[in-house]
Every structure is written in C-alpha cells, then in structure tokens.
Amino acid sequence: PPLTVEYLCHINKSAGLRPDLDMKDALHLAGFVSLVQSASTITYLWNLLTRELTGLLTPERPWDLYGVAWQSPHQTVDGLFYMAAIAGPLGPAGLDSVLVTKTLPPLTYARFTHSGPRSDLHLTRGYAYHTWLPRANVTLSYPLELEYYGQHPPDPNQDGGQWQLSIPIE
C-alpha cells in the first residue's frame with residue numbers, strides 16, 4: 001500500500017499486526033455470496049444474512065460469523081468474491097435451502113487482529129500482504145482470506161471494534 005499518513009499511523013498503533021498462528025480444522029460455512037466491486041455490496045450481504053438469521057441467533061444458540069474473500073487466479077472481471085457467513089452445521093430448518101454453503105479445508109492461518117473501524121480493514125490487509133508476508137518467509141497456501149467477527153456482524157458505521165483477519169500460509 002502507499003505510505004500515507006493514515007497507513008503509517010495505523011501500523012504504529014496496532015499491536016495486533018504481529019500475527020498469531022492459527023491451525024483450523026475444516027470450517028463449514030453457510031451464507032450469501034456475491035462478486036464485490038464496492039464496499040456497499042459487502043454491507044448488503046451482511047444485511048441479508050442478519051435479516052435471515054433474525055430470531056435464530058440467541059445466547060443459547062450462538063454462531064460465529066465470518067467474512068470470506070477470494071479471487072480466482074483465472075478470473076477476468078474486476079473485484080473479488082465475498083461470502084458473509086455463519087460457521088457450523090445448519091440447525092434451523094429451512095436455512096440450508098436459502099444459504100450457499102462452503103467448506104474450507106484444514107489450514108494454518110496467520111491471524112491479525114484489526115482494531116478500528118471496518119472501513120480501515122484495508123490498512124491491516126495491506127500490512128499483512130505487503131509488509132509482513134514478504135518478511136515472514138512463508139507463502140500463501142490457499143487463495144482466500146478469512147475475517148472473523150464473533151457473534152456480531154460488522155457495522156460499517158461503527159467507529160471502532162476489534163476483528164480478526166486471517167490469511168492461509170504454509
């Protein structure tokens with residue numbers, strides 16, 4: 001990323017830019033997917049998923065929420081594919097016929113903690129790919145990245161927050 005004041009401030013205030021290694025078993029996801037060419041599409045996907053899950057997510061039945069972004073090396077259109085998803089087997093009747101499912105294989109991830117608004121996630125992503133990865137003596141093992149939001153979908157209007165951005169490595 002370009003060396004802007006915004007980028008330099010972000011990497012200097014973010015202790016989470018030192019990643020943890022996270023070895024995950026296969027991850028079963030269900031949600032909505034779209035080709036994304038603007039951030040508003042991601043917000044739309046999260047709104048769709050939140051509406052679909054209304055009343056189903058309770059303190060007794062929480063699910064973890066993930067965003068998955070990927071781009072095929074053979075893709076000829078601009079943008080990337082994004083999935084707003086819940087993890088785990090689908091329990092509520094009927095959701096399995098509405099949501100797209102995807103299973104990620106067991107992978108080892110470099111997990112970065114992003115602190116700040118979701119609109120600044122590109123700064124953490126830029127650091128991960130353009131600064132940390134070339135210095136870490138590892139390579140990407142799978143063409144995707146994983147965003148972890150816990151039990152609350154990301155709010156593009158929220159000024160702060162803490163989320164995880166994970167990239168698969170080997």
Side-chain angles (χ1 to χ4, degrees), residues 14 16-17 19-72 75 77-126 128-129 140-169:
S14 300
L17 294 181
D20 295 316
L21 289 184
D22 185 13
M23 294 167 42
K24 287 193 176 298
D25 293 329
L27 186 59
H28 306 287
L29 301 168
F32 291 105
V33 177
S34 181
L35 177 66
V36 172
Q37 296 175 315
S38 76
S40 64
T41 305
I42 293 174
T43 301
Y44 177 73
L45 289 171
W46 280 111
N47 289 341
L48 279 176
L49 185 63
T50 301
R51 214 174 17 239
E52 201 63 45
L53 298 176
T54 298
L56 298 175
L57 301 180
T58 65
E60 300 81 36
R61 190 181 194 136
W63 279 320
D64 289 328
L65 299 171
Y66 288 89
V68 183
W70 70 94
Q71 189 169 24
S72 166
Q75 188 172 320
V77 296
D78 290 335
L80 54 86
F81 288 96
Y82 187 89
M83 179 180 203
I86 58 172
L90 287 177
L95 277 185
D96 51 352
S97 65
V98 174
L99 303 178
V100 174
T101 59
K102 183 171 185 66
T103 299
L104 302 180
L107 294 167
T108 299
Y109 292 89
R111 183 181 64 226
F112 296 83
T113 299
H114 170 77
S115 296
R118 189 184 189 293
S119 60
D120 286 350
L121 188 60
H122 70 281
L123 299 171
T124 299
R125 180 179 292 114
Y129 286 102
L140 293 175
S141 64
Y142 207 72
L144 64 80
E145 60 188 44
L146 194 60
E147 303 165 2
Y148 175 69
Y149 293 102
Q151 297 173 12
H152 303 285
D155 180 349
N157 301 316
Q158 183 179 355
D159 286 338
Q162 204 170 60
W163 304 289
Q164 296 170 355
L165 175 70
S166 298
I167 56 175
I169 58 170

Drop me the distance from [X]'s [atom1] to [Y]'s [atom2], to the nearest 0.5 angstrom.
| X | Y | atom1 | atom2 | result |
| --- | --- | --- | --- | --- |
| Y66 | L49 | OH | CG | 14.0 Å |
| I42 | F32 | CD1 | CZ | 15.5 Å |
| T103 | L29 | OG1 | CG | 7.5 Å |
| L144 | K102 | CG | NZ | 7.0 Å |
| L121 | L165 | CG | CG | 5.5 Å |
| F112 | I167 | CZ | CD1 | 5.0 Å |

Does any part of the side chain of [Y], heavy atoms only, come nearer than 4.5 Å to the side chain of [X], both counted from C-beta?
| X | Y | value |
| --- | --- | --- |
| L104 | L146 | yes |
| L21 | I169 | yes |
| Y82 | L45 | yes |
| R125 | E147 | yes |
| P143 | W70 | no |
| K24 | L107 | no |
| D64 | Q151 | yes |
| Y142 | P105 | yes |

Is it the case that T113 and Q164 place a side-chain donor and acceptor less than 3.5 Å from each other?
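No donor-acceptor contact under 3.5 Å links the two side chains.
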Please tell me whether Y129 and E145 have a donor and an acceptor in their side chains that are separated by less than 3.5 angstrom.
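Result is yes, a qualifying pair exists.
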If you take all heavy atoms of V100 and M83, which pair is closest and at what distance?
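Shortest heavy-atom separation between V100 and M83 comes out as O-CE, 3.2 Å.
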Got a sec, which residues hit salt bridge (Lys or Arg N to Asp or Glu O under 4.0 Å) with D20, two or more places apart in sequence or on another chain?
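D20 satisfies salt bridge (Lys or Arg N to Asp or Glu O under 4.0 Å) with R111 only.
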Applying side-chain contact (heavy atoms from CB on, under 4.5 Å), name anything that partners Y44, two or more places apart in sequence or on another chain.
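Applying side-chain contact (heavy atoms from CB on, under 4.5 Å) to Y44 gives L48.
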Let me know which of V68, V36, L35 forms a side chain to side chain contact (heavy atoms under 4.5 Å, CB included) with F81.
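The option that passes is L35.
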Show, in sequence, the C-alpha distance, side-chain angles and deciding distance for H28 and T101, and conclude whether the side-chain contact (heavy atoms from CB on, under 4.5 Å) test is met.
CA-CA 7 Å; H28 306 287; T101 59; over 6 Å; no
Run the ring-ring contact (aromatic ring centres under 6.0 Å, His included) test against Y149 and tell me which residues pass, sequence neighbours left out.
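Only W46, W163 meet the ring-ring contact (aromatic ring centres under 6.0 Å, His included) criterion with Y149.
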Donor-acceptor contact below 3.5 Å, side chain Q37 vs main chain D78:
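Pair found, side chain donor or acceptor close to backbone of D78.
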